[in-house]
Q: 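Structure provided below as structure tokens; questions to follow.
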Amino acid sequence: MQKSVARRDRSQVTGFVPTMGFLHQGHLSLVERCRENCDICVVSIFVNPAQFGPKEDLANYPRDLEQDLKLLSKYGVDQVFLPTQEDMYPSGYRTWVEVEGWSSILCGASRPGHFRGVATVVLKLLHLVQPQKMFMGSKDFQQTVILEKLLQDLNLETRIIRCPIVREADGLAMSSRNSYLNAEQRIQARCLFQALQQAKILYQQGTNSSQALIQVAREIISAAGGRPDYIKLVDATTLEERDEADDNTRLLLAVFIGTTRLIDNDALSA
Ligand code: PAF
């Protein structure tokens, strides 16, 4: 396994999995998919300061590079790219990209600048790695929609391959931030998946009003002691809020469990 990005033979398909490390089964499922679909699999690990707000958890963001490298070697990754802060944002750095509008709603409303940081770092990583395919998990649904728009608007050839959310046995979506939860909060955190499940049951029984679907989700989250940041039914393509659920809507939630903010989402129809 090489620990840098090498020049590659363009006849081979390069797949890319960008990560911030502290790898879990969700990341590893992307690596597996990348290896199945591409000749070369590149994984980056870079905790991107530009996507953390001033009051967010950059300094405490979980890191375990030794364990990450062991896992990536076990999963047969060809190259691991470990840029430094200086490689990505040398002193005097001034260039930023932003997908307008979509970056300031939903998670972007409570995390100003977050998606500007994500879009900028991903664009830089794509220039450095030059993959034909980039593998992304659907837990970060808004991120994936924004990055697809970025690739389309900037005429990049890389295609995003959306991969399913990987869940713990009790339904909690895997996330590096789950490691912040204590035992009691870990049980409370089940409410995100339960809320989505209950809304899905309601939808499949014939309720399509967003108000009713959001209400049931809100009740489940509040009963468990979670504090919703937002619960929204949106158009899965444009992220616009919708009054009625259909095959192209998605229920998105961000919920505080204690001080940890977790996200999850589901297409209620599937
Ligand atoms: O989803 C993530 O882990 C990050 O936002 C990403 C895409 C690696 C950019 O830093």
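Atoms within each ligand, like the ligands themselves, are counted from 1 in listed order.
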Q: Give the residue and atom name of whichever protein heavy atom lies nearest to atom 9 (C) of ligand 1, and the separation in Å to one decimal.
A: Q51 OE1, 3.3 Å
Q: List the atom of H127, the atom of Q130, and the distance in Å for their closest heavy-atom pair.
A: O-NE2, 3.1 Å
Q: Would you say N48 has any N or O atom under 3.5 Å from an N or O of ligand 1, going by distance alone?
A: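 By distance alone, the answer is no.
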Q: Verify whether one side chain among Y180 and N60 offers a donor that lies under 3.5 Å from an acceptor in the other.
A: no
Q: Taking only residues two or more places apart in sequence, or in another chain, which ones meet Q188 in a side chain to side chain contact (heavy atoms under 4.5 Å, CB included)?
A: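 Checked Q188 against side chain to side chain contact (heavy atoms under 4.5 Å, CB included); matches are Q185, I257.
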Q: Report the C-alpha distance between F46 and F81 in whole Å, list the side-chain angles of each, state the deciding distance to 0.1 Å, and finish with yes or no for ring-ring contact (aromatic ring centres under 6.0 Å, His included).
A: CA-CA 8 Å; F46 178 63; F81 182 35; 8.7 Å; no
Q: Looking only at protein heavy atoms, which one is nearest to atom 3 (O) of ligand 1, and how far off is it?
A: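 The closest heavy atom on the protein side is M20 CG, 3.8 Å.
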Q: Are the side chain of Q51 and the backbone N or O of H114 linked by a donor-acceptor pair below 3.5 Å?
A: no
Q: Counting each atom of ligand 1 from 1 as listed, which ones have a heavy atom of V121 under 4.0 Å away?
A: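 Per the distance check, 9 (C), 10 (O).
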Q: Starting from atom 1 (O) of ligand 1, find the nearest protein heavy-atom neighbour and note its residue, name and distance.
A: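 Atom 1 (O) of ligand 1 sits closest to the protein heavy atom Q143 NE2, 2.9 Å.
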